[in-house]
Amino acid sequence: MWRLYLGAKLGYAFGSRSKLVTETGKDSFYVTDVEKFRYGLMANFGYNTFNIHVYYALNNLFKDGLSLDTGQDLTFTPLRIGFIFYIL
């Protein structure tokens, strides 16, 4: 049986944390410049048990006005691609 699911996704980030692991050690800290409200489009497509999941965010991950040391605006729009296995 072929499957195709299309939809929208809304979300709210109550908190965000980042973890940095290097050869010299680990560091963990909370990130305050992440956009709290998130929204995007999603699709699931597949046959029988095996399905591909795609999510594309329509807004930027970071708040507006955030820039790098070089003066460039920091823009990052998440794209998530993965597999879903239905066992039922």
Side-chain angles (χ1 to χ4, degrees):
M1 164 194 335
W2 286 96
R3 300 174 193 248
L4 175 63
Y5 301 121
L6 302 173
K9 186 174 183 179
L10 299 173
Y12 185 84
F14 290 100
S16 56
R17 188 175 72 125
S18 181
K19 184 177 183 180
L20 176 65
V21 179
T22 62
E23 293 177 359
T24 59
K26 298 178 186 178
D27 191 17
S28 178
F29 52 91
Y30 289 94
V31 181
T32 59
D33 294 326
V34 173
E35 189 68 46
K36 297 286 186 186
F37 184 68
R38 299 178 186 173
Y39 53 92
L41 300 174
M42 58 180 259
N44 291 343
F45 175 76
Y47 181 76
N48 203 6
T49 304
F50 304 98
N51 295 267
I52 296 174
H53 170 78
V54 177
Y55 169 74
Y56 179 71
L58 295 175
N59 64 335
N60 191 9
L61 181 65
F62 299 107
K63 292 181 180 178
D64 291 336
L66 187 63
S67 62
L68 299 171
D69 294 336
T70 60
Q72 293 178 318
D73 287 340
L74 185 58
T75 58
F76 181 75
T77 305
L79 171 65
R80 182 173 46 229
I81 301 172
F83 293 103
I84 296 178
F85 301 100
Y86 292 105
I87 299 174
L88 298 177

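All heavy atoms count here, side chains included; hydrogens, waters and symmetry mates do not. For this chain, numbers begin at 1 and follow the sequence in order.
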Worksheet item: What pairs with V54 under side-chain contact (heavy atoms from CB on, under 4.5 Å), at least two apart in sequence or on another chain?
Response: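 Counting only residues at least two positions away or on another chain, V54 forms a side-chain contact (heavy atoms from CB on, under 4.5 Å) with I52, L79, I81.
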Worksheet item: Shared ILVMFWY cluster between Y12 and V34, side chains joined below 4.5 angstrom?
Response: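 Per the 4.5 Å side-chain linkage, Y12 and V34 are not co-clustered.
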Quick check: closest heavy atoms across [X] and [Y], and the distance to 0.1 Å?
X	Y	value
F37	L10	CZ-CD2, 4.0 Å
T49	N51	O-ND2, 3.3 Å
A8	M42	N-CG, 4.5 Å

Worksheet item: How about Y86 and N48: do any of their side-chain heavy atoms sit closer than 4.5 Å?
Response: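 The answer is no, as the side chains (C-beta and beyond) never meet within the 4.5 Å cut-off.
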Practice prompt. Could you check if a side-chain atom of I84 sits within less than 4.5 angstrom of a side-chain atom of Y5, using non-hydrogen atoms only?
Written response: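 Heavy-atom side-chain distance check fails, nothing below 4.5 Å.
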Fill in: Residue pairs passing the side-chain hydrogen bond (donor to acceptor under 3.5 Å, both in side chains) test where at least one lies in residues 26-36, sequence neighbours excluded
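Sorted result for residues 26-36: R17-S28.
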Fill in: Sequence neighbours excluded, every pair satisfying ring pair (Phe, Tyr, Trp, His ring centres under 6.0 Å) that has a member inside residues 41-74
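Non-adjacent pairs meeting ring pair (Phe, Tyr, Trp, His ring centres under 6.0 Å): W2-F45, W2-Y47, F50-F85.
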Practice prompt. Please round to the nearest 0.5 Å and tell me the distance separating atom OG1 of T77 and atom CG of N60.
Written response: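 Answer for the OG1-CG pair, T77 versus N60, is 5.5 Å.
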Worksheet item: Any donor-acceptor pair under 3.5 Å linking the side chain of N44 with the backbone of L4?
Response: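 No; zero donor-acceptor contacts below 3.5 Å.
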